[in-house]
Trainee: 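Let me begin by handing over the structure; questions about it come next.
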Amino acid sequence: MNNPYIPMSGKIKKAWFESTDRSLRTLDIVLDNGKMDFIPGQFCEISIMGKGESPFGIASAPSEDFLRFTVNKTGYVTAAIHWLEEETPVWIRGPLGNGYPVEKFEGKNIVIVSGGFAFTTLRSLLIYLLDHRDKYKDITVVYGAREPGLLLYREELQEWAKRDDVNIHLAVDAEFEGWQGHVGFVPTILEKVSPSSEDAYLVMCGPPAMIKFTLPVIKKLNFPSEKVYTSLERRMKCGIGKCGRCNIGPYYVCKDGPVFSLDVLEKLPKEY
Amino acid sequence: MKKIDKKRLFERLNNLIKDYVVYAPKGKDFGKIEDTSEIKRESINVRLSPKQVFLPQEEALFTFKQGDIKVPENNEKYILFGIRPCDAKAIALLDKNFDTKDFPDPYYIDRRKNSILIAEACIEPESTCFCTAFGSGPFESKDADALIIDRGDYYLIDGNEKALSLFDGLLEDDGGEKILELKKKAEDSIKSPVVEGIDKKLSSMIDDPIWDEVSRKCITCGACTYLCPTCYCFDIQDVGKDDKYMRERVWDSCMFTVYTLEASGHNPRKEKEKRMRQRVMHKFNYYPFLYDEYGCVGCGRCIKYCPVNVDIRKIITKIMEV
C-alpha cells in the first residue's frame, strides 16, 4: 500500500528573495526520483524535518523541469524554509488537491485576476495556457501589488507583456517612481480593463480584501458564478482529506479543492 | 446462536493473549489487558472508546535519522473483547474516513484488517444511551465480528467464522433460548431523540441563531471529541532534535481554536459557536452527505463526561424544533 504520509526527497537548485521586502522567497526544487506530474493549481506539502510540514501552491508549470514555490515568511515552518540554501535536501509530498479545470477552459477566453503574492499558482496556469496557446482564445491578466517590488516574477511579467498573444495589465496601488503600468487597486483596474465575460472563464486569487472588492466588479462584468474560479487556503495537515480541519461544509479544501467555483462556494458556510 | 461457558471463554482468551493484543473494558476505560482478570466495567460503556486501538492518541508516522525515513512496522493482531454495539458501529464509520479508495491510510488499515471485534449486547442500557436514534440498538450485531450476550454463567454468541473459530471446541448448542424479550426490554428502555430528516434540515441552518444558543455554556475543552468513538480529527507534529526526529500523528479536536488557526493569524472558526456548529454539522449533515450515514452512534459519552452538561440530544431536539 502506498503511504501517503511519506514525503519524497529533493534538492533546492535555486533560492532567492522574490520581493524587495524579503518577505517572499522562491525555491526551485528538483526531486531525486524524477519529475512530478501535476495540474496547475495543485499544491505540495514541504517538510522541514523536525519543524513540520506546510502546504504551498506549485508556481512552476508542468512543462518546467523544476518545482517552484514562493513562500511568505509568516510562521514557524515558513521561517525555516527561508533559511534553506541552494543544494539543501528537502522533503515534499504531492501533488495534492484538484487544480484548475484546464480542460474545461479549452476553447474559451481566460481572465486571470490576482493580487500580491497569490500569483504563484497563476504563474503555473499562465505558462500552461501559453504552452497550449492554440487551445485557448484571448488570455487577459490583471495583476496588482502594493508596489512594484512586491509583484512576483517581475522579469517574466515583462517578457509576457511583450507578447502579442496575451494581454498583461500590471498595477500598483499608488504612484511609484519609474512605474509605467496601471495605478490603482485590482478591482478598479479590472473594471477599467473590462474584459468581456462572453465565452470566458475568470480565475481569481488574491488577499481577502481584494476578493471582497473584486467580486462586485465580476458580477458587473456579468461573469456567472459557475465560470469564476478561485483557490482557497486553509490551515492543513494531512493534505489528503483525513485530518479534518480544512473542511468548508462537506468539502475538504486539501482534497476537493483548493480550487472551487464561486457557485459552489456561495452555497457553503463562509468558513475561509 | 451458540452458547459458551464464561470460565472456559476467559481461559481461551488468556491463551489467545500470546498471539493477539487483547483490548477489553478495564474498569473506567477500555484498554490493553495482560490477563482476563483485568476485565471489569465501572459502567455499561467505558469512558475511553476502542478507537484508540486503530487511531492511537499518539503514534509515529515515521522517524527521520540522518536523512533516512523509517516507517514503524506493525504486525500485531488484535482482539477487541466486550466493546458495545455502538462502538462497533463507530469503527465501521471510522473505516469510511481511513479506508478510502483515493488515499487509504496504511497505519489504520494495517491494524483494522488484523482485528476481531467481539461486541457485547447491552442488557441494561444507560440513561445517556441513544443508539436507537440511528437505526442501531443494544443488541445490534452487524458491525462486529461476533456478538455475545451475558446470561450469568455463560454467554450466548453469534458471529462470523473469523470470530467463532477463536472459540473452537467451546461452543455448545444454545438449547433454543429466546432473547427477543430481553432485546425488546433493552431497546424500550432507551429514550432517543427523533433525528429523521435532521441532515436535510441542517443544510439551511448554517446561519441560524441556534449555534450561539447551544454553545453558550460550552467551555471548548474538547472532552466530547476525545471521547467520541467516531471523532477522528488529528494533528501531525514533528518532535525530536538534532538529526533525529519523529513525525507524529496525535488526536486533535474541532473544538479548539488553534485547530483552524492559520499562520497569518486568520481563523475561520474563531468563535465557539462556529466550532460547535462544525461538530454538529459534521456528524449530522456532512457525514450523511458524504456517506449516507450519521456520524454519531448514540454512545452518550459526550453527554456523560461533559463538564458543563452540554447534551447533544437536547441540541438535536432543538434543531428539530426550529
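So that the names make sense, note that chain A is the first sequence line, chain B the second, and so on, each numbered from 1. Owing to the predicted nature of the structure, the values given are computational and were not obtained by experimental measurement. Heavy atoms only: backbone and side chains are in, while hydrogens, waters and symmetry mates are out.
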Trainee: For chain B, which candidate among A/Lys270, A/Lys255, A/Lys267 shows the most heavy-atom pairs at distances under 4.5 Å?
Mentor: A/Lys255
Trainee: Heavy-atom cut-off 4.5 Å, strictly under: side chain, backbone, both or neither for B/Asp102 against chain A?
Mentor: side chain
Trainee: Please test A/Lys242 against B/Asp105 for salt bridge (Lys or Arg N to Asp or Glu O under 4.0 Å), starting from the C-alpha separation and ending with a verdict.
Mentor: CA-CA 9 Å; A/Lys242 304 236 181 293; B/Asp105 187 294; over 6 Å; no
Trainee: For each of B/Lys244, B/Met281, B/Arg247, B/Met246, tally heavy-atom pairs with chain A at distances under 4.5 Å, and name the one with the top tally.
Mentor: B/Arg247
Trainee: Non-hydrogen atoms of chain A under 4.5 Å away: do they reach the side chain of B/Tyr245, the backbone, both or neither?
Mentor: side chain
Trainee: Please check if the number of heavy atoms outside A/Glu87 that lie under 6.0 Å from its CD is greater than 12.
Mentor: yes
Trainee: Sort out for me which of B/His282, B/Lys274, B/Gln278 touches chain A most, counting heavy-atom pairs under 4.5 Å.
Mentor: B/Gln278
Trainee: For chain B, which of A/Gly50, A/Pro4, A/Ser47 has the most heavy-atom pairs under 4.5 Å?
Mentor: A/Gly50
Trainee: Nearest 0.5 angstrom please: A/Glu271 CD to B/Asn267 CG, how far?
Mentor: 10.0 Å
Trainee: Below 4.5 Å from any heavy atom of chain A, which atoms of B/Leu261 appear? Answer side chain, backbone, both or neither.
Mentor: both
Trainee: Just how far is it from atom CD1 of A/Ile48 to atom CG of B/Asp238, taken to the nearest 0.5 Å?
Mentor: 10.0 Å
Trainee: Look at A/Pro208, A/Pro7, A/Ser9, A/Ser54 and state which one has the largest set of heavy-atom pairs under 4.5 Å with chain B.
Mentor: A/Pro7
Trainee: Grab the two heavy atoms, one from A/Leu268 and one from B/Ile206, that are nearest each other, plus how far apart they are.
Mentor: C-CD1, 4.4 Å
Trainee: Checking the side chain of A/Arg245 only, and the main-chain atoms of B/Phe234 only, is there a donor and an acceptor separated by less than 3.5 Å?
Mentor: yes
Trainee: Please check if atom NZ in B/Lys65 has more than 12 non-hydrogen atoms from other residues, nucleotides or ligands closer than 6.0 Å.
Mentor: no
Trainee: Check each atom of B/Tyr287 against the heavy atoms of chain A and say whether the ones under 4.5 Å are side chain, backbone, both or neither.
Mentor: neither
Trainee: For B/Tyr286 versus A/Pro269, what's the shortest heavy-atom pair and its separation?
Mentor: OH-CG, 3.8 Å
Trainee: So does A/Lys35 have more than 12 non-hydrogen atoms from other groups sitting under 6.0 Å from NZ?
Mentor: yes
Trainee: Side-chain contact, heavy-atom cut-off 4.5 Å: B/Ile69 with A/Trp91?
Mentor: yes
Trainee: By a 4.5 Å heavy-atom criterion (distance strictly below it), what part of A/Ile248 contacts chain B: side chain, backbone, both, or neither?
Mentor: neither
Trainee: Which answer fits B/Phe64, side chain, backbone, both or neither, if we ask what part of it has an atom under 4.5 Å from a heavy atom of chain A?
Mentor: side chain
Trainee: Rounded at 0.5 Å granularity, tell me how far CG in B/Leu290 sits from OH in A/Tyr251.
Mentor: 8.5 Å
Trainee: Determine the minimum heavy-atom distance between B/Glu262 and A/Glu233, stating which atoms define it.
Mentor: OE2-O, 3.9 Å
Trainee: Using a 6.0 Å cut-off, check whether atom NZ of A/Lys51 has over 12 heavy atoms from anything other than its own residue.
Mentor: no
Trainee: Backbone N or O of B/Val258 within a donor-acceptor pair of the A/Arg235 side chain at under 3.5 Å?
Mentor: yes
Trainee: Check B/Phe289 against A/Pro250 and note the closest heavy-atom contact, atom names and distance.
Mentor: CD2-CB, 3.3 Å
Trainee: Working to the nearest 0.5 angstrom, can you tell me the gap between B/Gln237 CD and A/Lys237 NZ?
Mentor: 6.0 Å
Trainee: Just wondering, are more than 12 heavy atoms of other shown residues or ligands nearer than 6.0 Å to OH in A/Tyr272?
Mentor: yes
Trainee: Please check if the number of heavy atoms outside A/Phe213 that lie under 6.0 Å from its CZ is greater than 12.
Mentor: no
Trainee: Is the number of heavy atoms from other residues, nucleotides or ligands within 6.0 Å of NZ (A/Lys212) greater than 12?
Mentor: no
Trainee: Flag the one option from A/Thr74, A/Ile6, A/Asn247 with the top tally of heavy-atom pairs under 4.5 Å to chain B.
Mentor: A/Asn247
Trainee: So for B/Ile236, is it side chain, backbone, both, or neither that comes closer than 4.5 Å to the heavy atoms of chain A?
Mentor: both
Trainee: What part of A/Cys238 gets within 4.5 angstrom of chain B, counting heavy atoms only: side chain, backbone, both, or neither?
Mentor: both
Trainee: How about OH on A/Tyr5, more than 12 heavy atoms from neighbouring residues, nucleotides or ligands closer than 6.0 Å, or not?
Mentor: yes
Trainee: SG/A/Cys246 to OH/B/Tyr259 distance, rounded to the nearest 0.5 angstrom?
Mentor: 8.5 Å
